[in-house]
Structure formats: structure tokens, C-alpha cells
Amino acid sequence: MDWLEALILGLIQGLTEYLPVSSSGHLAIGQALFGMENGEDNLMFTVAVHIATILSTLVILWKEVNWMLKGLFNFAVHVPMGDADLKKNAGTRYVLNILVSMIPVGIVGVFFKDEVEAIFGSGLLIVGCCLMITAALLIFSYYAKPRQKENISLWDAFVIGIAQACAVLPGLSRSGSTIATGLLLGDKKEQLAQFSFLMVIPPILGEALLDTMKMIKGENVLGSIEVLPLVIGFVAAFLSGCLACKWMINIVKKGKLVYFGIYCAIIGAITIVCSLL
């Protein structure tokens with residue numbers, strides 16, 4: 001991997017992590033176009049750019065993260081809490097929603113990690129099909145008009161977490177799936193982008209930690225990838241991630257996800273055709 005490829009892939013990761021078009025699917029397409037094969041080099045690069053996008057989330061949403069940390073502290077100090085206490089402490093309730101949303105993806109990570117990794121190496125056909133599913137979900141959520149709720153409930157958080165767990169498939173957008181699911185449940189779009197971006201921080205950090213430990217067990221942690229492309233990819237993913245995170249929150253508030261659905265349908269169809277040729 002040279003510096004230009006790292007720059008392009010870093011920009012792809014940073015932009016598509018927050019836009020509802022699937023970062024994993026676009027990374028797979030980008031790596032295929034560059035003729036890259038699955039291996040330790042790609043794994044190290046993937047871990048680096050994922051950490052970069054998590055850092056961009058922390059930067060853009062630091063005020064909300066700090067508020068969540070205070071809620072987590074209150075949760076640790078005052079457990080068990082009654083319903084009245086939870087209603088008074090919005091930060092604690094929000095942290096509980098985040099924790100509940102992590103349950104489905106945690107189950108997938110523990111019990112189905114090998115199966116998911118096998119799917120990632122199965123070619124672009126699955127990426128194209130999942131992009132089509134993402135398109136259908138985004139378009140359907142745009143036209144559906146469920147009755148809106150005041151707050152995201154624990155049940156809603158769990159269902160949105162199931163959507164996040166399904167989105168481990170390459171091409172099935174995590175942000176698109178979680179935000180669209182929340183919209184279909186009747187949650188306010190103003191709250192969903194922020195919740196979607198914050199709920200992914202623990203799973204991605206956990207996955208990055210596991211992958212890093214896996215590489216450290218080997219003799220060569222970096223594989224054959226050079227430091228410069230790795231740094232360039234990291235910086236590109238971080239900066240583009242900051243822009244995309246801020247942009248996406250405004251887009252969700254305006255309710256324009258249908259255009260991303262059309263984009264996913266076009267890219268998905270092209271990917272399916274190319275994979276069959």
C-alpha cells in the first residue's frame with residue numbers, strides 16, 4: 001500500500017463511517033479496485049482508520065460524551081435506581097440506552113465473529129446485495145410516518161442495537177441501519193444521529209483492541225505496511241470523519257436520507273454486476 005492509496009482509503013473510511021452508505025462496503029470496494037487482498041496489512045490499516053473515526057466522534061461530540069460520562073458516574077454511585085431517579089437523571093438514562101444497545105452486537109462479536117470474518121472475505125457480491133438492502137431501508141424509513149416519541153426508550157435502544165449487530169455485514173450501513181430503524185420506531189430524528197454515533201464507540205474500540213491483540217501475538221505487528229501510509233490513512237480518516245460527523249447530524253435533522261438510499265441502490269447494482277462479470 002502506497003501513500004496515495006492510504007490517503008484515498010482513509011478519506012473513504014472517514015466519510016462513509018458517518019454517512020449512511022456503509023464504510024466497510026466502500027472500503028472493500030476500494031481495496032478491490034486497488035487489487036489488495038485480505039491480510040495482516042489490511043487488518044492493521046482497518047484498525048488504524050477505525051480508531052481515527054472514533055477519535056473524530058469524540059472531538060465533534062465531546063460535550064455529549066462528557067455528559068454521558070457524568071451519567072455513567074451517577075449510575076455507578078446510585079445503583080440500584082428507581083424509575084423516578086432515572087427520569088430525573090437524563091444522562092444516566094442515556095448511558096443505560098447505550099449499554100442496552102451494545103447487547104446484540106456483543107452477542108454477535110462473541111459467538112459469530114468467525115462467521116462474520118468469513119463473509120468479509122467472500123467477495124463483492126455480498127457487498128452489493130447489502131448495499132441494496134441499505135438502500136431499501138433508507139428509502140422506506142423516509143416515506144414511513146410513524147407517530148413520534150419524546151425519548152428513545154430502552155426497548156428502542158435494544159431494537160436499534162439489533163440493527164447495529166446486523167450491520168456488521170459489509171455493505172449494510174451501520175449508521176443508515178440504526179438511524180432508519182429509529183425513525184421507523186418513531187424516535188425523533190434530531191436525537192438519532194447523535195445516539196447512532198455514540199452507541200458505536202464501545203463496540204468499535206473493543207473490536208480494535210481485539211484485532212490489535214491478535215496482531216501483537218504475531219512476530220510483526222505492522223506486517224509489511226510502512227509507517228507513512230498508515231499515518232496518512234489515519235490522519236485522512238480523522239479529518240474527513242470530523243467533517244462527515246458534523247455534516248451527517250445536520251442531514252438527519254433535515255430528513256434527506258432518501259438521497260443516500262438512491263446512491264446505495266446505484267452503487268449496489270453496479271457492484272453486483274461487476275462481481276458477476
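In this chain, numbering begins with 1 at the start of the sequence shown. Here the structure is a predicted model, which is why all the values come from computation and not from measurement.
- Annotation: side chain of Asn151 is not in contact with side chain of Lys188 (no heavy-atom distance under 4.5 Å).
- Scanning all heavy atoms of the two residues, the minimum distance from Gln164 to Ser101 falls at NE2-O, 4.0 Å.
- Rounding to the nearest 0.5 angstrom, the gap separating the CE atom in Met199 from the CG atom in Leu99 is 11.0 Å.
- Interatomic distance, CZ of Phe197 versus CD1 of Ile60, reported as 10.5 Å (0.5 Å rounding).
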From CA spacing to verdict: ring pair (Phe, Tyr, Trp, His ring centres under 6.0 Å), His26, Tyr263 | CA-CA 12 Å; His26 279 72; Tyr263 168 82; 5.8 Å; yes

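- You'll find the side chain of Met102 stays beyond 4.5 Å of the side chain of Val200, heavy atoms only.
- Taking the side chain as every heavy atom from C-beta outward, Leu9 and Val49 never approach each other to under 4.5 Å.
- You'll find the side chain of Tyr94 reaches within 4.5 Å of the side chain of Leu198, heavy atoms only.
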Steps toward side-chain contact (heavy atoms from CB on, under 4.5 Å) verdict (Leu137, Leu184) = CA-CA 10 Å; Leu137 187 58; Leu184 292 173; 4.1 Å; yes

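- Looking at every heavy atom in both residues, Ala135 comes nearest to Gly261 through CB-O, 3.0 Å.
- Taking both residues in full, the closest heavy atoms of Asp187 and Gln148 are given as O-NE2, 4.5 Å, listed atom of the first, atom of the second, then distance.
- With Thr53 contributing its side chain and Glu17 its backbone, the two residues share no donor-acceptor pair below 3.5 Å.
- The two atoms that bring Leu55 and Phe234 nearest to each other are CD1-CZ, 3.6 Å, heavy atoms only.
- Although no hydrogens or angles enter the test, the distance criterion places a donor-acceptor pair under 3.5 Å between the side chain of Lys149 and the main chain of Leu185.
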Take Val127 and Leu169, measure what side-chain contact (heavy atoms from CB on, under 4.5 Å) needs, and give me the verdict at the end.
-> CA-CA 8 Å; Val127 174; Leu169 298 174; over 6 Å; no

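- Distance check: Leu15 CG to Leu239 CG gives 10.5 Å after rounding to the nearest 0.5 Å.
- Although no hydrogens or angles enter the test, the distance criterion places no donor-acceptor pair under 3.5 Å between the side chain of Ser141 and the main chain of Ala180.
- The minimum heavy-atom distance linking Pro229 with Ala6 is given by the pair O-CB, 3.1 Å.
- With a 4.5 Å cut-off on side-chain heavy atoms, Thr178 and Phe195 do not count as touching.
- Put simply, the side chain of Pro20 reaches to within 4.5 Å of the side chain of Leu257, judged on heavy atoms.
- With Leu131 as the partner, the side chain to side chain contact (heavy atoms under 4.5 Å, CB included) test is satisfied by one option alone out of Val21, Ile29, Ile272: Ile29.
- The side-chain heavy atoms of His50 and Ile54, taken from C-beta on, include no pair separated by under 4.5 Å.
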Verify side-chain contact (heavy atoms from CB on, under 4.5 Å) between Cys166 and Leu172, making sure each step is shown before the conclusion.
-> CA-CA 8 Å; Cys166 293; Leu172 190 56; 4.1 Å; yes

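- Rounded to the nearest 0.5 Å, atoms SG (Cys274) and CG (Leu125) are 11.5 Å apart.
- Here the CE-CD1 distance, from Met132 to Ile267, works out to 11.0 Å after rounding to the nearest 0.5 Å.
- Under the side-chain hydrogen bond (donor to acceptor under 3.5 Å, both in side chains) rule, Tyr18 has a single partner from Ser175, Ser56, Ser240, Ser23, which is Ser56.
- Residues Leu33 and Ile126 fall within the same hydrophobic cluster, defined by Ile, Leu, Val, Met, Phe, Trp and Tyr side chains chained together at heavy-atom separations under 4.5 Å.
- With rounding to the nearest 0.5 angstrom, the CG atom of Leu58 is 9.5 Å from the SG atom of Cys245.
- Residues Leu192 and Gly182 approach most closely at CD1-C, 3.5 Å, considering heavy atoms.
- Checking side-chain atoms of Ser153 against main-chain N and O of Asp156 turns up a donor-acceptor pair under 3.5 Å.
- Applying side chain to side chain contact (heavy atoms under 4.5 Å, CB included) to Phe158 and the options Ile160, Ile162, Leu154 leaves one that passes, Ile162.
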